[in-house]
Amino acid sequence: MPFVSSLQPVRGTHDLLFDDVRRHRLIEATAFEIAQRYGYGEIATPVFEFTDVFARTLGDTSDIVTKEMYTFETKGGESVTLRPEGTAGVARAFISGGLAQQTPLKFFYRGPMFRHERPQKGRQRQFQQIGVELLGVATPQADIEVIALADHILSSLALTGTVTLEINSLGDTESRVAYRDVLVKYLTDRQDMLSQESRDRLGRNPLRILDSKDPGDKEAVKDAPLFTDHLNVTSRDFFKTVQDGLAALGIACKVNPALVRGLDYYGHTAFEFTTDALGAQGTVLAGGRYDGLIKQMGGPPTAGIGWAAGVERLAMLLPELEIANRPIAVIPVSDAEAATANIIVSALRHAGFTVDIAFSGNMGKRMTRANKIKATTAIILGGDEVLENAATVRNLDAGAQDKVRQKDLVEYLRKTQP
RNA sequence: GCGGGUGUAGCUCAGUUGGUUAGAGCAUCGGUUUGUGGUACCGAGGGUCGCGGGUUCGAGUCCCGUCACUCGCCCCA
């Protein structure tokens with residue numbers, strides 16, 4: 001391979017420019033600003049970890065671990081993996097940093113994640129997530145706060161109308177084990193209706209069958225016993241407190257009994273904000289309670305709950321951005337005024353204005369150019385103005401213009417710029 | 001990983017049953033004589049028709065492969 005094999009970006013990766021980047025930044029900045037009000041501080045963990053960190057936390061059977069990780073061997077012979085999600089890294093940092101002494105802890109994170117999936121709209125191989133984790137609070141108050149934070153962020157991004165919240169309870173371990181038995185028994189009786197995949201899942205991950213899209217599976221599951229009917233008293237109270245808490249805050253949500261998580265350490269609250277505007281990738285923000293995770297990773301037993309959101313998906317839902325930073329255009333009438341124009345441009349930029357200069361063509365072209373860059377104002381410099389140490393300042397929206405002395409320009413613009 | 005669709009100028013697309021120098025709109029650049037824009041008119045540049053092979057006297061048009069995008073499945077944010 002002499003140079004690069006192709007000038008295309010690697011499959012599933014994308015260049016982001018100008019407005020795309022602005023959207024990303026807007027989402028991240030809004031999310032973090034609000035998260036701070038809720039007491040969250042930012043954590044930045046490495047983009048790659050020892051493979052074990054993900055393999056152990058996500059479970060050996062999950063698709064992410066079995067076929068979607070970017071795993072490679074370092075020169076030292078260690079197996080490392082580009083992070084496919086954010087929670088594992090935060091949990092690892094929590095343990096290796098000895099932070100268990102300081103709970104409760106509230107983390108906000110953002111950054112790229114990597115998954116070797118088939119690309120689709122709203123699904124790329126390198127993608128951006130923002131997320132929060134709240135560690136060390138086992139009461140439903142944590143669940144309420146974390147969901148309220150998500151809702152707050154989404155509404156600040158003007159997405160309240162395009163997104164709906166679904167919620168479910170996976171109960172505590174006792175409830176889950178009990179329900180799992182009931183469900184497996186029920187589905188085993190109807191095995192012939194199930195898809196091949198679901199028959200495989202029956203043994204290792206039966207809850208997943210509940211949200212299958214296969215028609216046969218759907219039919220088989222239609223009258224299946226509901227998880228919500230098999231919660232023990234503790235779990236039911238917990239779930240009710242969460243729901244009441246959300247209702248009290250005016251946060252609408254729909255209980256979806258088919259909303260499940262595959263992994264063992266998930267329990268109690270699971271929730272998703274979804275949209276129907278993005279085709280098959282409708283989940284925009286999702287999370288849940290994972291009280292078993294830290295302990296499973298080798299840390300002290302620590303309750304935890306959190307969520308993650310896909311920045312690209314949010315960006316696609318965002319309304320059109322307003323034009324940022326309309327510039328002032330400086331227009332020398334001919335090359336003879338270029339030197340003076342440069343001095344003025346520099347002075348205005350140092351004074352804090354956004355300034356562009358039209359470099360070539362006759363005046364008409366230069367004015368056209370000023371329009372194209374959405375300039376608010378044109379500062380016209382011709383032979384006459386230069387002789388008088390003045391400039392013609394034209395308001396491009398209103399069409400009116402004044403002659404202003406060059407040394408008064410900054411003051412004049414301070415008064416007239418929006 | 002599986003199945004369907006698409007791939008022609010920077011962008012959106014047209015391209016007739018395979019047949020002469022591959023088109024349009026928008027965008028870009030230049031001009032419409034002397035210092036004023038968002039209109040109008042004239043003109044120019046820009047494409048080895050995703051890439052590679054094959055069929056044919058001849059392929060953007062047919063066949064095969066490949067890559068990318070896209071929709072659904074899977075998985076998930």
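So you know, we letter chains A, B, ... as the sequences are listed, proteins then strands, and number each from 1. Heavy atoms only: backbone and side chains are in, while hydrogens, waters and symmetry mates are out. Because the structure is a prediction, the values reported are computed rather than measured.
Shown here, B/U55 forms no base pair; nothing in the strands shown gives a Watson-Crick or G-U wobble contact with both key distances under 3.5 Å. Under the Watson-Crick or G-U wobble criterion, with both distances below 3.5 Å, B/G30 is paired with B/C42. Under the Watson-Crick or G-U wobble criterion, with both distances below 3.5 Å, B/U66 is paired with B/G50. Pairing for B/G37 is absent, with no Watson-Crick or G-U wobble pair whose two atom distances lie under 3.5 Å. In this structure, B/G23 and B/C13 make a Watson-Crick or G-U wobble pair, each of the two defining distances being under 3.5 angstrom. Using the Watson-Crick or G-U wobble rule with both distances under 3.5 Å, B/G72 pairs with B/C2.
Nucleotides B/C62 and B/U6, compared at atom P, are 11 Å apart to the nearest Å. Nucleotides B/U48 and B/C2 place their P atoms 33 Å apart, quoted to the nearest Å. B/U32 and B/G37 are spaced 14 Å apart, taking the P atom of each and rounding to whole Å. Annotation: B/G10 and B/C63 have their P atoms spaced 27 Å apart (nearest Å). B/G30 and B/G52 are spaced 35 Å apart, taking the P atom of each and rounding to whole Å. Atom P of B/G3 sits at a distance of 16 Å from the matching atom of B/C74, rounded to the whole Å. Straight-line distance between the C1' atoms of B/C73 and B/A27: roughly 39 Å, to the nearest whole Å.
Contact annotation for A/Glu85: no contact, since no heavy-atom pair falls under 4.0 Å across all strands. Residue contacts for A/Ala370: at a heavy-atom cut-off of 4.0 Å it reaches no nucleic acid atom on any strand shown. Note on A/Gly12: only backbone sugar-phosphate atoms sit closer than 4.0 angstrom, heavy atoms only; bases stay farther off. Nucleic acid contact class of A/Gln128 (heavy atoms, under 4.0 Å, all strands): none. A/Glu337 comes within 4.0 angstrom of no nucleic acid atom, judged by non-hydrogen atoms across all strands. Looking at heavy-atom distances under 4.0 Å, A/Leu396 makes contact with a base. Across all strands shown, A/Gly383 has heavy atoms under 4.0 Å from base atoms, whether or not it also approaches the sugar-phosphate.
Listed candidates were B/G38, B/C75, B/C74. Nearest to the side chain of A/Asp397 is B/G38. Comparing B/G37, B/G35, B/G31 against the side chain of A/Asn371 picks out B/G37 as the nearest. Distance from the side chain of A/Arg369 is smallest to B/C29 among B/C69, B/C76, B/C29. The side chain of A/Ala286 lies closest to B/A77, out of B/A77, B/G35, B/C75. Distance from the side chain of A/Arg208 is smallest to B/C76 among B/U70, B/A77, B/C76. Taking the side chain of A/Lys121 as heavy atoms from C-beta on, and the options B/C75, B/C71, B/C76, the nearest nucleotide is B/C71. Distance from the side chain of A/Met367 is smallest for B/U36 among the nucleotides B/A77, B/U36, B/G35.
Within the 6.0 Å centre-distance limit, the rings of A/Tyr70 and A/His116 are counted as a close aromatic pair.
Toward the 5′ end of RNA chain B lies the nearest nucleotide of A/Thr13, the other residue of the pair A/Thr13 and A/Thr283 mapping further downstream. In this structure, A/Phe127 and A/Gln120 both approach RNA chain B, and ranking their closest nucleotides by distance from the 5' end singles out A/Gln120.
Electrostatic pairing of A/Arg176 and A/Asp181 does not count as a salt bridge here, judged by no charged N lying under 4.0 Å from a carboxylate O. Salt bridge status for A/Asp20 with A/Arg23: absent, with no side-chain N to carboxylate O gap under 4.0 Å. For the pair A/Arg125 and A/Glu117, the salt-bridge criterion is not met [side-chain N within less than 4.0 Å of a carboxylate O]. Salt bridge status for A/Glu145 with A/Lys106: present, with a side-chain N to carboxylate O gap under 4.0 Å.
Applying the ring-ring contact (aromatic ring centres under 6.0 Å, His included) criterion to A/Tyr109, with sequence neighbours excluded, gives no partner residue.
For A/Arg313 and B/C76, a side-chain-to-base donor-acceptor distance below 3.5 Å is present, hydrogens and geometry of angles not being considered. Interface remark: the A/Arg123 side chain does not form any donor-acceptor pair with the B/A77 base, using a distance-only criterion of under 3.5 Å. Residue A/Arg118 places a side-chain atom within donor-acceptor reach of the base of B/G3, judged by atom type and a 3.5 Å distance cut-off alone.
For the pair A/Arg110 and A/Phe32, the cation-pi test (distance below 6.0 Å, angle within 45°) is passed. Judged by the 6.0 Å distance and 45° axis criteria, A/Arg123 is not positioned over the aromatic ring of A/Phe127.
Rounded to a whole Å, the CG atom of A/Leu194 is 14 Å from the P atom of B/C74.
Close to B/U36, at under 4.0 Å from its OP1 or OP2, lies no side-chain N or O of A/Arg394. For B/U28, the OP1/OP2 oxygens have a side-chain nitrogen or oxygen of A/Lys372 closer than 4.0 Å. In this model, the phosphate group of B/U36 is not approached by any side-chain N or O of A/Gln401 to a distance below 4.0 Å at OP1 or OP2.
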